[in-house]
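One-based numbering, in listed order, for ligands and for the atoms of each. The residues of the chain are indexed from 1 along the displayed sequence.
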Amino acid sequence: MFNKYKTEILKYSDESIDKVVKSLKNGEIAAFPTETVYGLGALIDKPKAIDNIFEAKERPQDNPLIVHISDLEWFYKLSKEKTRTAQILTDAFWPGPLTVIVPKSNIVSDKITANLKDVAIRFPSNKIAQNIIKAAQTPICAPSANKSGTPSPTTAQDVYNDLNGKIPYILDGGACEVGIESTVVKINENGVTVLRPGHITVEQLKEVCGEVNINKGVLNQPDKKEKAQSPGMKFKHYAPNAQITLVKGHGDKFVDYINENIECGDYVIILKETPKQYKIQTDNIICLGADEYSQEKNLFTVLRKLDELSVKKAYVQAPKTDGIGLALYNRLIRAAGFDVVDLSGE
Ligand code: TXA
Ligand code: MG
């Protein structure tokens with residue numbers, strides 16, 4: 001697609017909110033911060049703008065969008081029925097990085113849900129996102145504001161790098177606090193199923209609603225013959241240009257594997273700094289962060305950094321699959337195109 005706009009990055013202020021909201025009301029699309037990642041939004045009643053989201057991102061048409069709200073009343077207008085489980089989840093985690101999928105009401109267009117009968121809804125905690133939605137007086141449907149397939153954007157500059165010329169405005173609210181996308185859960189007669197893990201962990205969900213299922217696609221390569229529960233899971237995702245190999249294993253096993261396989265120019269991404277790293281025979285080492293919160297915050301920044309450095313190959317140490325680790329693993333396994341080396345012997 002050729003460039004339609006001279007994309008402007010607007011510093012957050014009352015005036016810039018006004019400018020963005022006017023533009024959205026005129027049927028344009030705009031990028032804005034949330035606590036998870038930047039979103040690329042359109043008002044839910046602007047069908048042409050919704051088409052433009054797909055065009056600007058080069059997003060497959062059958063991948064539905066999340067509807068963002070700024071008060072709970074909208075949740076009940078957008079969903080077909082009121083369920084106890086939905087109420088428990090929204091009471092516990094909203095506003096915040098949880099998206100719930102429920103049967104949709106008639107006011108949600110098929111364009112938003114890619115013809116599915118369910119809609120994904122999220123009430124972000126980020127004040128800038130809330131102010132835009134409130135000022136627009138209409139919910140905003142928005143995917144992450146990256147070019148489809150690349151790591152999600154956590155700064156205005158990341159959005160600019162992917163979508164310069166394709167959108168009029170990017171509202172700059174600084175770096176996103178969480179750094180990975182929301183936890184997505186589906187609520188139906190079978191209970192609660194996690195379709196995409198995130199900052200709100202399975203353990204936290206279990207605390208409030210008892211049993212929680214994890215969709216098979218969260219940790220495994222989707223079966224091509226099976227219909228994906230969450231269409232987004234079947235697409236190539238979060239992938240930098242560098243070829244990523246996810247390495248399961250720690251201690252000497254990890255270090256030995258890297259030293260045997262690493263070639264000049266390759267990078268190693270480890271979870272946190274440990275004395276063992278000094279035995280890795282390269283200086284091209286990046287640590288994700290001291291704890292799981294900084295690891296999630298840095299994950300997409302580090303994946304994008306590999307491209308800035310024109311890295312061709314990177315080995316990434318696999319996180320454990322509990323707590324936020326499950327979300328990190330889910331993003332990394334996709335970034336690696338499911339190329340996993342398992343040294344753990346489990
Ligand atoms: O944190 C987030 O969720 C960010 C910010 C901007 O809110 N948004 C985001 O949107 O990550 P997106 O479009 O990049 O990812 C939404 C995921 C996709 O995997 C999509 O397939 C799934 O949610 N999804 C959306 N609506 C759905 C539906 N009705 N049924 C099943 N999956 C759905
Ligand atoms: Mg996305």
Side-chain angles (χ1 to χ4, degrees), residues 29-42 44 50 53-54 56-70 78-80 93-105 108-126 128-130 132-133 139-154 158-159 162-163 171 173 176-188 193-200 215 217-218 222 227-239 296 300 327 330-331 334-335:
I29 57 179
F32 61 96
T34 80
E35 69 278 20
T36 56
V37 300
Y38 276 71
L40 179 61
I44 59 164
I50 298 171
I53 289 178
F54 285 88
K57 275 183 64 88
E58 297 171 39
R59 181 178 177 98
Q61 291 290 340
D62 61 347
N63 195 3
L65 308 178
I66 296 174
V67 177
H68 296 69
I69 58 174
S70 61
L78 297 162
S79 51
K80 200 170 163 190
F93 299 111
W94 277 3
L98 178 76
T99 296
V100 298
I101 298 179
V102 290
K104 78 177 186 74
S105 73
V108 182
S109 72
D110 289 340
K111 243 186 216 310
I112 293 172
T113 65
N115 294 316
L116 297 174
K117 296 278 166 267
D118 294 327
V119 58
I121 308 174
R122 170 159 130 71
F123 183 165
S125 60
N126 180 285
I128 303 179
Q130 287 185 3
I132 296 176
I133 304 163
I140 294 181
C141 53
S144 49
N146 54 306
K147 183 164 183 276
S148 203
T150 68
S152 293
T154 57
D158 290 344
V159 179
D162 275 20
L163 300 178
L171 192 57
C176 300
E177 292 162 65
V178 172
I180 58 169
E181 312 85 346
S182 61
T183 304
V184 178
V185 298
K186 184 162 180 161
I187 303 173
N188 60 18
T193 305
V194 174
L195 301 185
R196 182 177 71 184
H199 183 78
I200 307 285
N215 186 271
V218 164
K227 193 167 176 279
Q229 276 287 309
S230 178
M233 291 199 301
K234 71 184 181 184
F235 302 113
K236 178 175 162 245
H237 243 312
Y238 317 117
E296 73 174 332
F300 290 140
N330 168 270
R331 306 307 190 272
R334 284 169 172 74

**OP:** Using a cut-off of 2.8 Å, count how many protein N, O or S atoms are strictly closer to the Mg ion (ligand 2).
**Re:** 1

Which ligand 1 atoms are under 4.0 Å away from a heavy-atom of [X]?
{"X": "Leu116", "result": "28 (C), 29 (N), 30 (N)"}
{"X": "Thr36", "result": "1 (O), 2 (C), 4 (C), 5 (C)"}
{"X": "Ile66", "result": "3 (O), 8 (N), 9 (C), 10 (O), 16 (C)"}
{"X": "Asp118", "result": "29 (N)"}
{"X": "Gly39", "result": "6 (C)"}

What do you reckon, does [X] have a nitrogen or oxygen under 3.5 Å from a nitrogen or oxygen of ligand 1?
{"X": "His68", "answer": "yes"}
{"X": "Ser182", "answer": "yes"}
{"X": "Asn63", "answer": "yes"}
{"X": "Arg196", "answer": "yes"}

Original post:
Among Thr193, Thr99, Asp118, Asn215, which one satisfies side chain to side chain donor-acceptor pair (under 3.5 Å) with Lys186?
Top reply: Asp118

Subject >> Name of the residue among Glu35, His199, Arg196 meeting side chain to side chain donor-acceptor pair (under 3.5 Å) with Ser182 >> reply: Arg196

**OP:** Could you check if a side-chain atom of Pro153 sits within less than 4.5 angstrom of a side-chain atom of Asp162, using non-hydrogen atoms only?
**Re:** no

Original post:
Would a distance-only check, ignoring hydrogens and angles, find a side-chain to backbone donor-acceptor pair under 3.5 Å from Arg59 to Pro64?
Top reply: yes

Subject >> Main-chain N/O of Ile180 paired to Glu296 side chain as donor or acceptor, under 3.5 Å >> reply: no

Subject >> Salt-bridge present (Glu181, Arg122; N to O < 4.0 Å) >> reply: no

Original post:
Mind checking what makes ring pair (Phe, Tyr, Trp, His ring centres under 6.0 Å) contact with Phe300, not counting sequence neighbours?
Top reply: Tyr238

Which atom of [X] lies closest to which atom of [Y], heavy atoms considered:
{"X": "Ala129", "Y": "Pro124", "result": "CB-CG, 4.0 Å"}
{"X": "Ser148", "Y": "Pro60", "result": "OG-CD, 3.6 Å"}
{"X": "Val218", "Y": "Val194", "result": "CG2-O, 3.7 Å"}
{"X": "Ala56", "Y": "Leu40", "result": "CB-CD2, 4.3 Å"}

Original post:
Thr113 near ligand 1, heavy-atom distance under 4.0 Å?
Top reply: no

**OP:** Report the part of Arg59 in contact with ligand 1, treating N, CA, C, O as backbone and CB onward as side chain, heavy atoms under 4.0 Å; options are side chain, backbone, both, neither.
**Re:** side chain

